[in-house]
Novice: 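Sending over a structure as structure tokens; questions will come in a sec.
All chains are named by letter (A, B, ...) in the order of the sequence lines, taking the proteins before the strands, and each is independently numbered beginning at 1.
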Amino acid sequence: MEKVVLMHEKIVDIIVGESKEVNKKLKNKISVELREAAPLFGENGILDSIALVTLLVAVEQSVEDEFDFPVILADEKAMSQKNSPYQSIGALAQYVGSLLKE
Amino acid sequence: MENLPLVMITGTRKGIGKYLAHYYVEKGFQVIGCSRSSVDYELANYQHFCLDVINEFAVKKMFIDVRRTHGRLDVLINNAGIASMNHVLSTPMNTVRKIFDTNVAGTFLFCREAAKLMQIKQYGRIVNFSTVATPLKLEGEAVYAASKAAIITLTEILARELAPLGITVNAVGPTPVETDLIRSVPQEKIDNLLSRQAISRLGKFEDIANVIDFFIQEKSEFVTGQNIYLGGVS
Ligand SMILES: NC(=O)c1ccc[n+]([C@@H]2O[C@H](COP(=O)([O-])OP(=O)(O)OC[C@H]3O[C@@H](n4cnc5c(N)ncnc54)[C@H](OP(=O)(O)O)[C@@H]3O)[C@@H](O)[C@H]2O)c1
């Protein structure tokens, strides 16, 4: 259990780190200080699809380097305004965690 | 060595892919190739991966390896492909699935993973393979020609989706070239095909490399979503 929590925290750290990188190029910035609650994409999101894709690729690559395991952040509902697994940093972290557990 | 342009070519064991691997190494590129079986040649600045282009996990692992070693990818040439000569009434579903998987899904998977790597430098050139069998509506090649038509549409739309990342996506459509791919096509069919080209001869490997050279030049940055058929076919 502890291990899972630690892993989740690590993933959140990675996403926050990559969000800061992506923020350098964004006018509408991701509120990284909110950590898991920071909206990304969808109804309250601030990313357009190209910014979202840039963030996902960066997260995918960092997660692969950290956990030494291939992950593919591709989801049928990715571009859905309502059910995207990329609505917030927390949701994205959950999603990444579920891929690593598979 | 790290500054050599880096090109990935699929299907390098034989045929056009093998020629292209040698051609680009000779031109001073660092070449990464792949095919299901290993290759019977060794080249300086050539690295081979044994994998099936539709095995997502294996392909992903190769891309991770390339990213860790090189941190970039300049060019992707999606050459791996299979064909089948058959009448529609005697074509098994298994053949249909295999052709669409290898030609369409394989090309898609490589475009997706390559684009992730190319966007790091906001630069990339992708070249896909179509065929003159599509515009010539070649009887006996319905499934193959349809899969290549899909590749053209994929090329056109990816060109738009990937343009903001500095990546161009184009396709080259060879005429018949003497490789194993067309060995099962009867001579009479080949002759008939050649007679329908504006320039009625078999294609050469050099003809294909010439079009790819044009697409992958740095200064071809304003050329994307295009398909060039050889031999004057349109
Ligand atoms: N030759 C022609 O007349 C002609 C005309 C128009 C277009 N084209 C196109 O040109 C491209 C190359 O054709 P070619 O004539 O060189 O064919 P080929 O001689 O049959 O060679 C095909 C190559 O692709 C590899 N390959 C096939 N399936 C694969 C898979 N699932 N995963 C990884 N590698 C795979 C093969 O290696 P392994 O078997 O080891 O995997 C081989 O190296 C194809 O896209 C074809 O459609 C050819």
Novice: Counting only non-hydrogen atoms closer than 4.5 Å, does A:A74 touch chain B with its backbone (N, CA, C, O), its side chain (CB onward), both, or neither?
Specialist: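 Just its side chain gets close to chain B.
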Novice: Counting heavy-atom pairs under 4.5 Å to chain A, which of B:R67, B:R112, B:K61 comes out on top?
Specialist: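 The candidate making the most pairs under 4.5 Å is B:R67.
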Novice: Is it true that atom CZ of B:R68 has more than 12 heavy atoms of other residues, nucleotides or ligands lying nearer than 6.0 Å?
Specialist: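 Atom CZ in B:R68 is packed in, count exceeds 12.
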Novice: At what distance, to the nearest 0.5 angstrom, does CD1 of A:I50 lie from CG of B:L165?
Specialist: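 Between A:I50 CD1 and B:L165 CG, I get 4.5 Å after rounding to 0.5 Å.
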Novice: Tell me the ring-ring contact (aromatic ring centres under 6.0 Å, His included) pairs involving residues 11-42 of chain A, sequence neighbours left out?
Specialist: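 Listed by first then second residue: nothing to list.
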Novice: Between A:V53 and chain B, which part of the residue has a heavy atom less than 4.5 Å away: side chain, backbone, both or neither?
Specialist: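 Looking at A:V53, nothing touches chain B.
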Novice: Are more than 12 heavy atoms from other residues, nucleotides or ligands located less than 6.0 Å from atom CD of B:E218?
Specialist: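 Atom CD in B:E218 is not packed in, count stays at 12 or less.
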Novice: Tell me, yes or no, whether the heavy-atom count around B:Q217 atom CD, taken from other residues, nucleotides or ligands under 6.0 Å, exceeds 12.
Specialist: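 More than 12 within 6.0 Å, yes.
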Novice: Residue by residue, scan residues 22-29 of chain A and write down, ordered by number, those that have a heavy-atom distance under 4.5 Å to chain B; if none do, write 'none'.
Specialist: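 Interface residues of residues 22-29 of chain A: none, nothing closer than 4.5 Å to chain B.
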Novice: Run the salt-bridge test on B:K60 and A:E60 with the 4.0 Å N-O cut-off and return the result as yes or no.
Specialist: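 Between A:E60 and B:K60 there is a salt bridge, with a charged N closer than 4.0 Å to a carboxylate O.
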Novice: In Å and rounded to the nearest 0.5 Å, what is the CD to CD1 distance from A:Q61 to B:I120?
Specialist: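 Going from CD on A:Q61 over to CD1 on B:I120, the span is 4.5 Å.
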Novice: If you count every heavy atom of other residues, nucleotides or ligands that lies below 6.0 Å from A:E76 atom CD, does the total exceed 12?
Specialist: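 Incorrect, the count does not exceed 12.
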Novice: Which residue, A:L73, A:T54, A:I72, forms the side chain to side chain contact (heavy atoms under 4.5 Å, CB included) with B:K116?
Specialist: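 Only match with B:K116 under side chain to side chain contact (heavy atoms under 4.5 Å, CB included): A:I72.
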Novice: Is the count of non-hydrogen atoms from other residues, nucleotides or ligands lying under 6.0 Å from A:N44 atom CG greater than 12?
Specialist: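 Atom CG in A:N44 is not crowded, with 12 or fewer foreign heavy atoms closer than 6.0 Å.
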Novice: Which pairs of donor and acceptor atoms, one on a side chain in residues 33-42 of chain B, lie under 3.5 Å apart (sequence neighbours left out)?
Specialist:
{"unit_1": "B:S35", "atom_1": "OG", "unit_2": "B:S37", "atom_2": "O", "d": "2.7"}
{"unit_1": "B:S35", "atom_1": "OG", "unit_2": "B:H48", "atom_2": "NE2", "d": "3.1"}
{"unit_1": "B:Y41", "atom_1": "OH", "unit_2": "B:T12", "atom_2": "O", "d": "2.6"}

Novice: The criterion is side-chain hydrogen bond (donor to acceptor under 3.5 Å, both in side chains); which residues satisfy it with B:Y19, sequence neighbours excluded?
Specialist: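 Partners of B:Y19 by the side-chain hydrogen bond (donor to acceptor under 3.5 Å, both in side chains) criterion come out as none, since no residue qualifies.
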